[in-house]
Amino acid sequence: MKSENSSAPIIHIEHVWKYFGELPALQDVSLDVYAGQRVVIIGPSGSGKSTLLRSINRLEEIDVGLISVDGIDINAPHSDINKIRQNLGMVFQQFNLFPHKTVLQNVTMAPRKLRGVPRAEAEERALMLLAKVGISDKANVYPAMLSGGQQQRVAIARALAMQPELMLFDEPTSALDPEMVGEVLDVMVNLARDGMTMICVTHEMGFARTMADRVVFMDKGQILEQGTPAEIFGSPRHPRLQQFLSQVL
Amino acid sequence: MREDNEKELPAAPEGRIVVPAGGLRLPASPRPPVINAWSLSLVGAVAVLVFLCAVWPDPYLDILAFVPGGLLITFEVTILSICCAVPLGLLTGLGRLSRSRVINLIASTYVEVIRGIPLLVQIFYIYYALAMFLQVSSLTSAVVAISFCYGAYMGEVFRAGIMAVPKGQNEASRSLGFNRFQTMIHVILPQALRTILPPVGNECIAMLKDTSLVSVMAMPDLMQHGRSFAAKTYLYFETYTVIALIYLIITLLLSKAVNLMESRLDYYEKRK
């Protein structure tokens with residue numbers, strides 16, 4: 001929204017196809033994401049939402065098409081994917097914290113080892129991030145001692161520690177107990193208010209409705225409809241989207 | 001522990017099943033029984049040894065006299081072999097997981113070949129094969145043979161341990177920008193260690209027992225000392241009784257050490 005016509009997109013996805021064996025997981029998907037935008041991808045499970053998200057930092061390799069981040073083709077042989085990934089924070093459904101590291105070490109690890117940030121500085125910044133996600137009191141415990149919601153908030157802090165330009169959320173609340181969903185969503189809302197660019201795959205329609213600039217509806221590997229939350233939730237045009245919304249809302 | 005968890009959780013709404021965060025698990029017995037297979041074996045072995053030496057000091061004390069010297073060689077061969085076999089096993093395990101066809105094939109063939117040849121045959125073979133090309137001490141060839149054999153077995157242990165680390169760990173690390181090597185060093189191996197250590201410890205204990213095979217190359221280890229003593233005195237039964245008891249006591253102590261190390265490695269899984 002903000003800078004849609006002023007500059008080049010951060011993420012440019014163009015006619016992407018991806019197959020799992022014979023099964024097409026992504027069919028001719030094209031999408032642009034601009035700085036400051038908050039894109040929420042919705043759709044039934046198995047519709048390719050996560051695959052699309054994971055293709056953006058090349059956790060999945062696409063078969064046809066182009067995905068570029070800041071104008072760099074991430075699948076080109078000469079592209080340094082590790083460098084590109086440092087700029088793309090990712091949060092997983094299963095948190096994937098490093099269980100052998102304390103919360104603080106989880107957050108400081110990447111900046112220290114990848115950017116050579118001195119320990120004191122990395123820890124200071126990590127504590128700031130942990131305060132931001134509301135768990136600075138748990139800095140020195142191991143992830144196994146945290147609840148799911150707390151773990152996911154640490155995972156968000158860990159991704160933010162690399163000061164990424166964009167955050168990818170892959171169903172961040174789907175593995176959580178219902179009473180913990182709110183605390184994670186709060187963190188994401190705060191991030192969005194701070195102007196973080198984010199792409200979020202989620203089943204939380206409330207979040208999509210209130211926080212998204214653009215909602216993308218996917219089914220069977222295709223983007224069937226996209227638009228503002230008002231358009232998608234207020235006047236859905238595609239029959240598949242109408243059917244989907246009638247089931248989830 | 002479970003009670004604590006239950007207290008923390010809000011009361012379950014009616015009609016909903018709430019599983020405590022710790023999961024459902026059998027309560028651990030408050031303290032391990034004093035009499036178990038391990039303590040019984042150890043006390044038994046020591047008691048028999050003491051009894052024999054006390055009642056028939058004549059042959060048994062003579063037999064015990066050569067034990068320290070022989071044990072020294074046994075330990076030397078074992079420790080040197082561990083130092084070679086563990087890195088070799090790690091390399092083999094990584095090789096078996098490598099995406100490179102060639103490296104994968106080399107590692108797999110190595111495992112396949114070594115596993116198909118008895119250790120005793122390997123020891124003979126390496127001793128005489130090495131002797132054809134270069135002059136090596138029997139210690140060197142013993143260490144080479146045992147390391148090659150156990151490197152293959154440990155390779156499988158390392159491979160399994162690395163594969164047991166959840167895939168999400170690799171993805172999380174890679175998504176932060178760590179490359180394959182950094183991910184392996186900082187994320188995968190430290191976690192794999194916990195699964196790997198007990199079987200590797202057991203392999204090391206098995207290795208100590210298998211060093212008795214190097215006595216065929218006239219290495220003056222515990223077994224060889226026993227063989228020559230028995231040949232001199234014709235006290236086969238008495239000698240091998242002592243040798244067996246000594247091996248048993250040592251492996252029992254070492255297996256306890258492995259157990260203790262194993263429980264130490266659980267530090268980060270403990271919930272409060």
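For clarity, every value in this text was computed on a predicted model and none was experimentally measured. Throughout, a chain's letter reflects where its sequence line sits, starting with A, and its residues are numbered from 1. Values reported hereafter were calculated over all heavy atoms of this structure, with side chains retained and with hydrogens, waters and symmetry mates removed.
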Side chain to side chain contact (heavy atoms under 4.5 Å, CB included) partner of B:Q122, the single match among B:I114, B:V144, B:I146: B:I114
Segment of A:L59 engaging chain B (4.5 angstrom heavy-atom cut-off): side chain
Most contact-rich option vs chain B, by heavy-atom pairs under 4.5 angstrom, among A:P143, A:G89, A:A110, is A:A110
What part of A:K101 gets within 4.5 angstrom of chain B, counting heavy atoms only: side chain, backbone, both, or neither? side chain
So which of A:M90, A:M162, A:Q94, A:M109 has the largest heavy-atom pair count under 4.5 angstrom toward chain B? A:M109
Hey, is the main chain of A:G36 close enough, under 3.5 Å, to the side chain of A:T197 for a donor-acceptor pair? yes
Under 4.5 Å from any heavy atom of chain B, what part of A:R58 do you find: side chain, backbone, both or neither? neither
Given that the side chain runs from C-beta out, which part of A:F92 has a heavy atom under 4.5 Å from chain B: side chain, backbone, both or neither? side chain
Residues A:H203, A:K49; criterion side-chain contact (heavy atoms from CB on, under 4.5 Å); working and verdict: CA-CA 11 Å; A:H203 294 292; A:K49 316 180 292 287; 3.8 Å; yes
Nearest 0.5 Å, what's the CD-CZ distance between A:Q152 and A:R158? 9.5 Å
Main-chain N/O of B:F178 paired with B:R174 side-chain donor or acceptor, under 3.5 Å: yes
Please indicate whether A:E124 has more than 12 foreign heavy atoms, meaning atoms of other residues, nucleotides or ligands, lying under 6.0 Å from its CD. no
Sort out for me which of A:T102, A:N57, A:L97 touches chain B most, counting heavy-atom pairs under 4.5 Å. A:L97
